[in-house]
Number of protein chains: 2
Amino acid sequence: MYFRIVERLFKGRIDTVSSAVLAKEAGVKPSQLRKDLTYLGQFGTRGLGYKVESLEKQLARVIRTARFRPVILVGVGNLGTALIQYDGFAKEEFGIIAAFDIREELGREGRFGIPILPNYLMKSFVAEHSVKLAILTVPGTSAQSAANELVDAGIQAILNFSTVALQVPNNVAVNNVNLAIELENLSYFIK
Amino acid sequence: MYFRIVERLFKGRIDTVSSAVLAKEAGVKPSQLRKDLTYLGQFGTRGLGYKVESLEKQLARVIRTARFRPVILVGVGNLGTALIQYDGFAKEEFGIIAAFDIREELGREGRFGIPILPNYLMKSFVAEHSVKLAILTVPGTSAQSAANELVDAGIQAILNFSTVALQVPNNVAVNNVNLAIELENLSYFIK
DNA sequence: CTGTGTGAAGGCTTTCACAGCC
DNA sequence: GGCTGTGAAAGCCTTCACACAG
């Protein structure tokens with residue numbers, strides 16, 4: 001998050017920025033931001049703030065955000081299709097290069113400019129294209145079995161949109177995005 | 001999350017469940033689950049576990065999940081369109097009843113069965129339909145101004161898909177879903 | 001004997017407050 | 001004078017471990 005903000009400031013030709021400003025942009029307290037940054041190194045200058053250019057470079061190095069990462073998507077339903085078309089996640093950095101679905105009748109060349117392939121081709125595809133990241137948008141009922149296939153194919157990290165907690169080996173990372181729970185959570189605050 | 005699991009067990013005609021099983025499903029430790037539940041009340045029976053039916057009822061009461069909540073969506077781009085069509089978030093509980101966009105040329109009746117309206121109609125629509133929840137899927141550059149409009153219209157909670165931290169009065173709740181950051185985060189764990 | 005409810009301990013994160021450097 | 005870097009304090013969340021109820 002900090003990196004994205006600094007990137008934006010850099011593009012906007014801002015030269016120097018204080019922890020107060022950065023923190024406001026990020027929605028955290030200045031002390032929080034300073035503590036977070038110092039876990040990664042000492043990037044600021046006392047009395048002055050942070051040089052945007054150097055901060056951007058150093059954060060980029062830490063999060064290894066340099067090269068393009070191919071991503072596959074599993075589950076070409078409504079949400080899956082949406083995400084394929086959206087593809088607004090940091091275009092230079094990530095790209096969905098293929099989608100998979102058990103339903104073979106979807107046909108190979110989607111209307112989306114990327115191949116839509118049957119699941120049984122997943123393993124060879126992942127190996128061939130060195131894919132390490134997957135987005136999982138299948139219904140809850142088939143999420144675990146799809147996750148197993150991903151793990152078997154050698155995927156190392158899964159962004160899980162299904163509503164179940166995936167059981168995976170601990171060398172595989174999972175992040176969950178659950179829209180129903182986000183809304184539920186919000187509705188708790190409604191008067 | 002617990003509620004969704006219990007709901008599923010109930011539909012599957014499971015009678016009783018232990019904290020160990022529930023915790024596994026939720027991806028947390030049993031002690032964690034028990035502690036969480038006791039914040040809301042004492043729902044279990046020692047030596048036995050939790051009665052699924054009564055737990056479901058009591059959780060429903062606590063999170064007031066009873067009645068349907070209308071939701072509006074602002075920003076009919078790729079992601080917005082996707083979410084309108086998806087609508088897989090707990091269908092009985094939430095529904096997107098209208099979408100808004102500054103671009104009036106989108107026309108009033110979308111291809112999606114809900115009205116697509118220009119932003120200036122937002123305030124009256126929200127008042128008329130007692131809408132309290134909004135999903136925000138506009139580009140980062142216009143996110144804050146759209147959020148201001150939502151707040152002005154009387155919206156009480158915002159699910160924010162844009163990449164900026166929204167500044168809102170503290171009687172308005174915001175939850176953020178940032179796909180780029182989720183992927184970024186995951187890619188940190190890739191070898 | 002099983003499995004919840006719960007104080008207490010442990011671990012982690014956030015915030016404070018100020019020394020230190022520009 | 002201004003703003004970072006950082007120990008120390010405070011606050012919060014998770015886990016342990018066991019009393020207790022069925």
Side-chain angles (χ1 to χ4, degrees), chain A residues 1-3 5-6 9-10 14-59 61-63 165 167 170 173-176 178 181-182 184-185 188-189, chain B residues 1-3 5-6 9-10 14-59 61-63 165 167 170 173-176 178 181-182 184-185 188-189:
Chain A
M1 191 174 57
Y2 298 151
F3 176 68
I5 294 165
V6 171
L9 295 178
F10 183 52
I14 308 283
D15 205 63
T16 306
V17 68
S18 69
S19 63
V21 170
L22 269 181
K24 178 114 193 254
E25 292 278 311
V28 302
K29 297 230 157 58
S31 53
Q32 177 74 76
L33 175 128
R34 293 203 302 277
K35 184 68 95 181
D36 287 344
L37 289 186
T38 57
Y39 280 119
L40 307 174
Q42 298 192 181
F43 304 136
T45 312
R46 294 176 189 216
L48 196 78
Y50 300 89
K51 284 279 174 193
V52 172
E53 180 167 6
S54 106
L55 184 55
E56 201 260 3
K57 282 210 173 51
Q58 306 213 58
L59 288 180
R61 192 172 45 71
V62 172
I63 64 181
Q167 315 289 330
N170 57 12
V174 176
N175 265 195
N176 297 294
N178 189 324
I181 284 175
E182 297 288 339
E184 190 96 65
N185 182 355
Y188 191 76
F189 294 100
Chain B
M1 191 171 59
Y2 298 151
F3 176 67
I5 294 165
V6 171
L9 295 177
F10 183 52
I14 308 283
D15 206 63
T16 305
V17 68
S18 68
S19 63
V21 170
L22 270 181
K24 178 115 193 253
E25 291 278 311
V28 302
K29 296 231 157 56
S31 53
Q32 177 74 76
L33 176 128
R34 293 204 301 278
K35 184 67 94 182
D36 287 343
L37 290 187
T38 56
Y39 280 119
L40 309 173
Q42 298 192 180
F43 304 136
T45 313
R46 295 176 189 216
L48 196 79
Y50 299 88
K51 285 280 175 193
V52 172
E53 180 167 6
S54 106
L55 184 56
E56 201 261 3
K57 282 210 174 50
Q58 307 213 59
L59 288 180
R61 192 172 42 71
V62 171
I63 64 180
Q167 315 289 329
N170 56 12
V174 176
N175 265 195
N176 297 293
N178 189 324
I181 284 174
E182 298 287 339
E184 190 98 65
N185 183 355
Y188 192 76
F189 295 100

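Computed from a prediction, not measured in an experiment: that's the story for all the values here. Naming convention: chains lettered A, B, ... in sequence-line order (proteins, then strands); numbering from 1 in each chain. Scope of the values below: all heavy atoms of this structure, side chains included, with no hydrogens, waters or symmetry mates.
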Review point. Whole-Å distance between C:dT14 P and A:Leu37 CG?
Key: 13 Å
Review point. Is there a donor-acceptor pair closer than 3.5 Å between any side-chain N or O of B:Gln167 and the backbone N or O of A:Lys24?
Key: yes
Study note, to complete from the structure: So CD of A:Glu56 and CZ of A:Phe10: to nearest 0.5 Å the spacing works out to 5.5 Å
Study note, to complete from the structure: In this structure, CG of B:Leu9 is separated from OH of B:Tyr50 (nearest 0.5 Å) by 13.5 Å
Practice item. Please state whether the phosphate of C:dT15, meaning OP1 or OP2, lies under 4.0 angstrom from any side-chain nitrogen or oxygen of A:Lys29. Key: yes
Review point. Any side-chain donor-acceptor pair under 3.5 Å between A:Gln32 and A:Asp36?
Key: yes
Practice item. Measure from the side chain of A:Arg46, starting at C-beta and using heavy atoms only, and say which of D:dT6, D:dT4, D:dC16 lies closest. Key: D:dT4
**Study point:** Residue whose nearest DNA chain D nucleotide is more 5′ - A:Ser31 or A:Gly47
**Key:** A:Gly47
Study note, to complete from the structure: B:Phe43 atom CZ is separated from D:dA21 atom C1', nearest whole Å, by 18 Å
Point to revise | Pairwise 5' ranking along DNA chain C for A:Leu48 and A:Val28, keeping only the more 5' one | key: A:Val28
Check your understanding: Phosphate oxygens OP1/OP2 of C:dT6: is one of them under 4.0 Å from a side-chain N or O of B:Gln42?
Key -> yes
Study note, to complete from the structure: Among C:dT14, D:dT14, D:dT6, the one nearest any side-chain atom of B:Gln32 is D:dT14
Check your understanding: Do the side-chain N or O atoms of B:Ser19 get closer than 4.0 angstrom to the phosphate oxygens (OP1, OP2) of C:dT4?
Key -> yes
Practice item. Mind calculating the distance between CG (B:Leu40) and C1' (C:dG5) to the nearest angstrom? Key: 14 Å
Practice item. Rounded to the nearest angstrom, tell me the gap between atom NZ in A:Lys51 and atom P in D:dC3. Key: 14 Å
Check your understanding: Which atoms form the tightest heavy-atom contact between A:Thr16 and A:Leu48, and what is the distance?
Key -> CG2-O, 3.8 Å
**Study point:** From D:dA8, D:dG5, D:dG22, nucleotide with atom closest to A:Thr38 side chain
**Key:** D:dG5
Review point. Quick one: is B:Tyr50 getting a side-chain N or O under 4.0 Å of the C:dG5 phosphate, OP1 or OP2?
Key: yes
Review point. For B:Arg34 and A:Lys35, take the nucleotide of DNA chain D holding the closest heavy atom to each; which residue's nucleotide lies nearer the 5' end?
Key: A:Lys35
